[in-house]
Amino acid sequence: MEEGAKIGREHEQQQQQHGRVNGSGRVAAVGGGSGGGGDEIEIEVAAAAGASPSRQHGGLHGDVQAPTWKRFLAHVGPGFVISIAYLDPSNLQTDLVAGSSHRYSLLWVLLFGFIFVLTVQSLAANLGIITGRHLAELCMGEYPKYVKYCLWLLAELGVIAATIPGVLGTALAYNMLLHIPFWAGVLACGTCTFLILGLQGYGARKMEFTISVLMLVMATCFFMELGKVNPPAGGVIEGLFIPRPKGDYSTSDAVAMFGSLVVPHNLFLHSSLVLTRKMPYTSKGRKDASTFFLLENALALFIALLVNVAIVSISGTICANNLSFADTSTCSSLTLNSTYVLLKNILGKSSSTVYGVALLVSGQSCMVATSYAGQYIMQGFSGMRKCIIYLVAPCFTLLPSLIICSIGGTLRVHRIINIAAIVLSFVLPFALIPLIKFSSSCTNIGPYKNATSIIRIAWILSLVIIGINIYFFCTSFVAWLVHSDLPRVVNAIISSLVFPFMAAYIAALIYLAFRKVNLSDPFPTNSVSGEIEVQHIQIQEKQEDLDLTSTFAIEPVRWGQRHWNIPPSENLQYDVFKKL
């Protein structure tokens with residue numbers, strides 16, 4: 001009897017060290033118990049098929065045999081959707097003003113700005129890849145009740161502010177090309193947006209393909225204009241790589257260009273779109289996905305950078321020539337509407353038509369992308385079903401934008417776009433700070449967290465943007481208050497409202513920056529200290545080995561008893577993906 005008990009204990013120790021896989025695909029972790037007994041936890045890996053589609057990264061059978069270029073093409077799409085935000089009518093107007101006022105001397109701002117954008121967007125993509133949840137879901141699960149609802153409200157406000165330039169640009173383009181009233185162009189813009197959003201029923205790839213085509217059409221239009229203008233290559237290259245601000249208001253225009261590049265809804269959207277791809281639950285699979293998404297995002301942003309450089313070069317070259325008095329006056333206060341007239345006077349009607357098509361595509365694609373982001377934001381914060389989100393979110397986003405643009409009309413386009421840019425600059429920190437906090441959290445990302453240098457660069461640049469926005473708002477408000485013709489009583493009332501608001505704004509940012517993130521690891525990691533060790537059996541290169549299920553060896557069971565409140569005397573089955 002004693003010899004049999006000894007053999008049994010040795011057998012249990014071997015099982016405890018290595019685990020076992022039974023015929024049904026279950027991975028069992030066995031821990032020795034008193035009296036030769038054992039408490040067994042069986043983890044059913046096959047149950048992962050019932051996971052939510054938004055979190056399903058794919059099974060353990062990753063398509064590791066496919067060629068690298070095919071695996072890269074499978075990840076192409078999200079970066080092009082994200083890049084549309086940097087080609088919207090707001091950026092178009094900012095680039096036109098910068099080129100007409102400073103020629104090519106501010107092109108370096110675009111280069112450094114897109115490097116920062118690539119850094120921030122890669123953090124957003126990695127967050128979705130590693131955690132299996134997008135930024136809105138993480139905010140909803142992490143912050144207290146009132147904080148997360150305030151973040152939701154600010155995120156929706158940012159989506160509406162980002163949609164307004166798209167509506168204005170599209171309505172202006174319809175008026176330029178088809179000579180229809182502005183309000184009719186607004187309605188046509190909303191109708192087309194709903195129709196394009198309907199492509200979601202056929203899959204995310206259809207939406208991404210449509211937006212990518214619109215982006216390429218816009219790039220083609222501006223490159224055609226650039227060929228007609230033929231700017232000096234030496235001046236463009238010098239302005240792109242050598243920072244030399246020239247002229248009046250060069251600093252403020254540079255800040256406006258840099259601030260218009262980073263938009264809050266893109267951080268939510270990028271962390272969501274990466275979840276539409278199937279990725280293996282392995283360290284290598286997640287690393288490969290992160291690399292592919294980074295390369296795809298860099299390619300899309302490089303195209304967007306070239307388009308922005310082309311826009312600045314076009315306006316800078318045209319306004320630098322000897323023009324008539326009327327055209328010179330137009331260059332001094334260039335807007336989206338007056339650019340059409342300027343191109344028609346200098347380059348001909350065909351050139352102005354190409355510009356109108358580019359503006360139409362820019363505005364329409366911007367509206368689709370922002371509405372798309374609004375759906376993920378509402379789904380993450382509210383938890384509503386997708387069928388309801390598809391109907392509610394576009395209405396919640398588009399209707400306020402359509403109403404504001406219809407009331408504003410053609411004459412107030414420039415002012416409305418500037419106000420929308422101010423709103424976006426103030427909403428941005430409430431998406432950027434949580435993103436960096438989640439990305440840099442050791443408890444959330446574990447061994448897959450981003451490099452410390454990337455996190456530090458993101459923090460530094462984010463603080464610079466936040467500080468610049470606060471400084472310019474305060475100085476502009478004080479200057480307006482001093483030179484306003486309002487009665488002193490009215491000025492005092494306005495001051496008593498604005499300055500406490502700014503104090504609360506700064507306090508909220510400090511709270512988000514210093515609050516600890518307490519999310520636990522959503523997925524099992526390769527190394528967890530002390531109580532638990534998870535071992536992944538490497539997937540073999542042969543196809544027959546790919547059909548085997550990877551083995552997790554969990555040691556010891558008392559960690560599971562303590563962490564999941566498992567009674568010591570019970571043998572229960574747990575779904576690892578639902579628990580983790």
Minimum heavy-atom separation for L226 to I314, with atom names?
N-CD1, 3.8 Å

Backbone N or O of Y86 within a donor-acceptor pair of the N308 side chain at under 3.5 Å?
yes

Could you check whether the rings of Y149 and W152 sit parallel, tilted or perpendicular, using 30° and 60° as the cut-offs?
tilted

Is a salt bridge present between K437 and E142, judged by a nitrogen-to-oxygen distance below 4.0 Å?
no

Check whether T170 reaches the backbone of Q364 with its side chain - one donor and one acceptor, N or O, closer than 3.5 Å.
yes

Do P89 and L336 have side chains that approach each other closer than 4.5 Å (heavy atoms only, starting at C-beta)?
yes

With distance as the sole test, does S315 use its side chain to make a donor-acceptor pair with the main-chain N or O of L96 at under 3.5 Å?
yes

Do T335 and Q93 have side-chain atoms, one donor and one acceptor, less than 3.5 Å apart?
no

Is there a side-chain contact between N337 and V413 in this structure, where contact means two heavy atoms from C-beta onward sitting under 4.5 Å apart?
no

Give a yes or no on whether R205 atom CZ has more than 12 heavy-atom contacts from other residues, nucleotides or ligands under 6.0 Å away.
yes

Side-chain contact test, heavy atoms from C-beta onward, threshold under 4.5 Å: evaluate it for F182 versus N175 and give yes or no.
no

Looking only at heavy atoms, the pair that brings A300 and F80 closest together is CB-N, 3.7 Å

Do NZ/NE/NH1/NH2 and the carboxylate oxygens of R277 and E296 come within less than 4.0 Å?
no

Anything under 30° is parallel, anything over 60° is perpendicular, the rest tilted; go ahead and classify F292 against F72.
perpendicular

